[in-house]
Amino acid sequence: MSGWINKKRDHGNLLFIDLRDNYGITQCVIDNKNPLFKKIEKIPLETVVQFEGQVVERKKDTVNKELNSGEIEIKITNFKILGGTKELPLPVFSDQEYSEEIRLKYRFLDLRRSKIHKNIILRSNVISFIRKEMEKFGFLEFQTPILTSSSPEGARDFLVPSRLNPGKFYALPQAPQQFKQLIMVSGFDKYFQIAPCFRDEDARADRSPGEFYQLDIEMSFVEQEDIFIIVENLFNNLFKKFSNKKIQKEEFPKITFSETMLKYGTDKPDLRNPLEICDLTKIFERDDVKFEIFKNLVNKGSIVRAIVTKKTKDKPRSFFDNIDKWAKDKGSSGLAYFTFENKNDEVSGKGPIGKFFSPKACEEIMKVSNAQIGDSIFFACGQAKDVEKLLALARDKIAKDLDIIDENLFAFCWIVDYPMFENDEKSGKIKFSHNPFSMPQGNLSKLNLERPLDIKAYQYDIVCNGIELSSGAIRNHIPDLMYKLFAIAGYDKKNVDDKFSGMINALSYGAPPHGGIAPGVDRIVMLLANEKNIREVTMFPLNQNAQDLMMNAPSIIEDNQLKELNINLIKKK
RNA sequence: GGGGGUGUAGCUCAGUUGGUUAGAGCGAUCGCCUGUCACGCGAUAGGUCGCGGGUUCGAGUCCCGUCACUCCCGCCA
């Protein structure tokens, strides 16, 4: 049996060695009657050895139930060292946490450790399962180019200089978006790919810098609902197979964009969290509400929204003040609050701002917000965007404080009916809010292009536990319509022809209606492995600064290589 | 580009109000130990306290700068 020395327990005249391979740990044993004892005793941890010996049953009182092989052990008769080791920069046998720096530099050692080793195996099994399911659904897997052209919309591109075409550059694909549409135009009707995607944007805990993988899907002759059915099927099967957590609703709820922004303040709501936001702006126009700060702001166009917490009348003052303080730390003016109570057969508000609301006003608030006596309410007032943002975070914060999130649940949902366009805050101009290739909703011949902000798109997101897994859309396959929509966003016909020549050209020669989606594989594995950081499910990730500390990438390039590519470097002062 | 956190032995960390020779556990090396499975016991080695500057009689500790890692904002159609 061959493997790594995971751990030794040396009793002087009796030695136990835990031998580890990809499948687990087996205890090997030798005593001083064997002349090799002294040599084997000295072999350091993580050496790769081959032991010869007999497999023997362990005595009942020495069985180790923690090990799969705990009923047996190997009596060593001979050994061979297959791979020696220097002193280890980090211990493999340990549950300790280590700095990312050392883990990434010695990733091959880190990957030997049990938890991450299992995560990587899980990832492999998940991808294998997805392939089999997609093939079962009748999809074909195709590869698309890695060296392609830079696209004007979206994230920053990774660029690759072309030696044969001096001064020109390839871009690595941010996603195979245009190619998968071209595949549909080419007459293949169900495509998928475990596709590498490259975006030169800054990292987050759940976002690798550089590269990540999508389960890229596209289908022709379909409507939105057809894609939902495929994805719901796949995800239900996948998440049931690889996790014991329950799926909240196997038919994923569909929430419109405007509804999710009102009820959850975000387009990636965590539906495990029962708290909802409601709009109470109108209440502050009443004469029997005397909370002047909010009333003045509402007069000037601010909105008021609120979160109700159930049966929190007996929570200590510190519970409320902590949340208010938390909101102030976030840079807001805080969260005003009170608790509904019954006083002399009348509803009244107990708490710092309770006195500003008449019994009638309280009753109206309870009606709108679905609150009962004994519940509390937290108010935020300001510009719509700021209020949405703050209350979205407050939903998470309050739910955590109240411990009302069921960690044993996957709560999927679809966010649908995204607006086609939005106002760019900086420039004041109208821009595509999501994907410029999405199909607008409604009767296309009667589309009111004069009011672009009212146009909704067949554009959807799938969200699980507050994590955005993917966007998708039914595509616009009608060139005339595409020119019109691009014109609204400030691109003239020539511009569109230049930037999207491949696409526009292809759509002009008999394109089928089509649509798709591209769920993030890394994030799916994160959910299944219950990991908060994407590096825990990535074999060889880049660090936050997009460097590979093990391979020393990126690295300085020799002058002759640069010359070949016609590139001069600008010397930084 | 901006904000927060961290940086002390190979690894994980402690280090009081600025005060004698900077400590512990794991690992390494050496010795003892025949049923352990986080084996046990004893000893030894191991330090540019991230780096540079400053304040001070005296700095791991205070100040300024800088670097690295990380989390967040911006960014991510």
Side-chain angles (χ1 to χ4, degrees), chain A residues 6-20 25-34 37 41-42 44-46 56 58-67 69-70 73 75 85-106 109-110 113 151-157 174-175 177-178 197-210 212 329-331 389 393 418 420-422 424-426 431-438 457 459 461 468 471-473 486 489 491 499-500 518 520 532-533 535 542-545 547 549:
Chain A
N6 192 60
K7 189 74 187 155
K8 289 186 294 186
R9 288 173 297 281
D10 190 351
H11 294 235
N13 294 310
L14 175 71
L15 170 67
F16 297 100
I17 290 179
D18 290 339
L19 196 66
R20 184 192 71 244
I25 282 173
T26 305
Q27 176 165 282
C28 304
V29 62
I30 187 168
D31 66 22
N32 64 356
K33 286 174 205 128
N34 187 320
F37 181 85
E41 204 182 19
K42 299 284 178 210
L45 299 185
E46 292 308 309
V56 297
R58 292 203 206 179
K59 281 181 191 153
K60 262 193 189 145
D61 56 332
T62 64
V63 164
N64 183 351
K65 283 177 185 153
E66 304 289 310
L67 296 184
S69 63
E73 62 193 5
K75 277 203 147 165
T85 177
K86 299 197 278 188
E87 189 177 340
L88 298 169
L90 66 95
V92 172
F93 170 74
S94 168
D95 290 330
Q96 264 174 22
E97 307 236 358
Y98 312 95
S99 73
E100 291 278 332
E101 204 173 352
I102 200 113
R103 290 183 61 191
L104 293 181
K105 187 169 177 192
Y106 297 96
L109 289 178
D110 190 39
R113 298 170 63 222
S151 67
E153 293 278 326
R156 211 174 284 117
D157 282 318
Q174 295 180 24
Q177 178 65 37
Q178 294 194 52
C197 303
F198 305 90
R199 294 178 192 175
D200 188 5
E201 297 294 347
D202 288 352
R204 289 289 183 277
D206 63 349
R207 203 167 84 200
S208 281
F212 62 98
D329 288 344
K330 291 272 155 200
K389 214 169 185 178
L393 292 170
Y418 276 86
M420 188 86 209
F421 298 98
E422 64 186 17
D424 187 15
E425 279 173 59
K426 283 174 211 155
K431 62 169 192 179
F432 289 108
S433 66
H434 252 71
N435 184 329
F437 302 122
S438 298
Q459 166 84 44
D461 274 14
E468 184 196 319
S471 287
F486 266 98
Y491 296 83
K499 305 283 190 192
F500 306 102
K532 294 259 180 303
N533 194 298
R535 291 184 296 274
L542 301 177
N543 71 7
Q544 191 170 45
N545 295 317
Q547 300 157 338
L549 299 176

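These numbers were taken from a predicted model, which means no experiment stands behind them.
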Looking for any heavy atom pair under 4.0 Å, which part of the strands does A:Lys389 touch: base, sugar-phosphate only, or nothing? sugar-phosphate
When we call it a touch if two heavy atoms are under 4.0 Å apart, what does A:Asp200 touch: a base, just sugar-phosphate, or nothing? nothing
Closest approach to the side chain of A:Ala205, judged atom by atom: which nucleotide of B:rC75, B:rC37, B:rC72 is it? B:rC72
Go through the N and O atoms of the side chain of A:Glu101 and the base of B:rU70, and report whether any donor-acceptor pair is under 3.5 Å. no
Students often get this wrong, so: under 4.0 angstrom with heavy atoms, is A:Gln174 touching a base, only sugar-phosphate, or nothing? nothing
Using a distance-only criterion (donor-acceptor N/O pair, under 3.5 Å, no hydrogens), is the base of B:rU70 paired with the side chain of A:Arg535? no
What's the closest nucleotide to the side chain of A:Leu45 if the choices are B:rU70, B:rC75, B:rG27? B:rG27
How is A:Ser99 classified with respect to the nucleic acid when contacts are heavy atoms under 4.0 Å: base, sugar-phosphate, or nothing? sugar-phosphate
Any side-chain N or O of A:Asn533 under 4.0 Å from OP1/OP2 of B:rU70? no
Evaluate the criterion side chain to side chain donor-acceptor pair (under 3.5 Å) for residue pair A:Gln27 and A:Arg9; output intermediate values, then yes/no. CA-CA 10 Å; A:Gln27 176 165 282; A:Arg9 288 173 297 281; 2.9 Å; yes
In whole Å, measure the gap between the P atoms of B:rG25 and B:rG40 for me. 12 Å
Flag yes if more than 12 heavy atoms outside A:Lys75 fall under 6.0 Å of its NZ atom; otherwise flag no. no
Looking only at the side chain of A:Arg156 (C-beta and beyond, no hydrogens), which of the listed nucleotides B:rC71, B:rG25, B:rC75 gets closest? B:rC75
Nearest-Å distance once atom P is located in both B:rA45 and B:rG10: 15 Å
Under a 3.5 Å threshold, yes or no: a donor from one side chain and an acceptor from the other, between A:Glu422 and A:Ser433? no
Under 4.0 Å between any heavy atoms, over every strand shown, what does A:Phe93 touch: base, sugar-phosphate, or nothing? Just pick one. sugar-phosphate
Identify whether the distance between the nearest side-chain nitrogen and carboxylate oxygen of A:Arg20 and A:Glu46 falls below 4.0 Å. yes
With a 3.5 angstrom cut-off on both distances, give the Watson-Crick or G-U wobble partner of B:rC76, or none if there isn't one. none
Below 3.5 Å, does any donor atom in the side chain of A:Arg103 face an acceptor in the base of B:rC11, or the other way round? no
Would you mind telling me which of B:rC11, B:rU70, B:rG35 lies closest to the side-chain atoms of A:Gln27? B:rG35
For B:rA59 versus B:rG18, give the span between their P atoms, rounded off to a whole number of Å. 14 Å
Within the pair A:Lys59 and B:rU36, is there a side-chain N or O less than 4.0 Å away from OP1 or OP2? no
Please classify the nucleic acid contact of A:Glu100 as base, sugar-phosphate, or nothing, using heavy-atom distances under 4.0 Å. sugar-phosphate
Just name whichever nucleotide pairs with B:rA24, Watson-Crick or G-U, keeping both distances under 3.5 Å, else none. B:rU12
Determine the Euclidean distance between corresponding P atoms of B:rG15 and B:rC73; express it in Å to zero decimal places. 31 Å
Run A:Phe198 and A:Phe212 through ring-ring contact (aromatic ring centres under 6.0 Å, His included) and show every step you take. CA-CA 7 Å; A:Phe198 305 90; A:Phe212 62 98; 8.5 Å; no
Which nucleotide, in any strand shown, forms a Watson-Crick or G-U wobble pair with B:rG7, with both distances under 3.5 Å? B:rC67
Separation between the P atoms of B:rG19 and B:rC32, rounded to whole Å: 44 Å
Under 4.0 angstrom, heavy atoms only, what part of the nucleic acid is A:Asn545 near: base, sugar-phosphate, or nothing? sugar-phosphate
Select one nucleotide: of B:rU34, B:rC11, B:rC37, the one nearest the side-chain heavy atoms of A:Asn13. B:rU34
Nearest-Å distance once atom C1' is located in both B:rA24 and B:rG47: 15 Å
OP1 or OP2 of B:rG27 versus the side-chain N and O atoms of A:Lys7: is any pair under 4.0 Å? yes
Taking 4.0 Å as the cut-off, does a side-chain nitrogen or oxygen of A:Gln547 come that near to OP1 or OP2 on B:rC69? yes
Distance only, no hydrogens: is a donor on one side chain within 3.5 Å (strictly under) of an acceptor on the other, for A:Asp461 and A:Tyr418? yes
Among B:rC71, B:rU12, B:rG74, the one nearest A:Tyr98 by side-chain distance: B:rU12
Answer with base, sugar-phosphate or nothing: what part of the nucleic acid does A:Pro436 contact at a heavy-atom distance below 4.0 Å? base
Looking at the base of B:rG35, is there any donor atom on it, or on the side chain of A:Asp61, that sits under 3.5 Å from an acceptor on the other one? no
Measure from the side-chain heavy atoms of A:Thr62 and tell me the nearest of B:rC33, B:rU36, B:rC76. B:rU36
So what does A:Lys65 hit on the nucleic acid, given a heavy-atom distance under 4.0 Å: a base, only sugar-phosphate, or nothing? nothing
Using a strict cut-off of less than 4.0 Å between a Lys/Arg side-chain nitrogen and an Asp/Glu carboxylate oxygen, indicate whether A:Asp18 and A:Lys7 qualify as a salt bridge. no
Nucleotide nearest A:Asp202 (side chain, heavy atoms from C-beta), chosen from B:rC30, B:rC33, B:rG74: B:rG74
Would you confirm whether A:Arg199, through its side chain, and A:Asp157, through its main-chain N or O, come within 3.5 Å as a donor-acceptor pair? no
Taking for A:Arg9 and for A:Phe432 the nucleotide of RNA chain B with the nearest heavy atom, the one nearer the 5' end belongs to A:Arg9
Which sits closer to the 5' end of RNA chain B, A:Val29 or A:Leu88, going by the nucleotide each is nearest to? A:Leu88
Looking at B:rC72, B:rC30, B:rU34, which one has an atom nearest to any side-chain atom of A:Lys42? B:rC30
Distance criterion of 3.5 Å, no angle test: do you see the side chain of A:Arg199 paired donor-to-acceptor with the base of B:rC76? no
Any base atoms under 4.0 Å from A:Ile102, or only sugar-phosphate, or nothing? Heavy atoms, all strands. sugar-phosphate
What about A:Gln96: does its side chain form a donor-acceptor pair under 3.5 Å with the base of B:rG27? no
Would you mind pulling out the nucleotide paired to B:rG46, Watson-Crick or G-U wobble, both distances under 3.5 Å? none
Without decimals, in angstroms, what is the distance between A:Glu87 CD and B:rC26 C1'? 12 Å
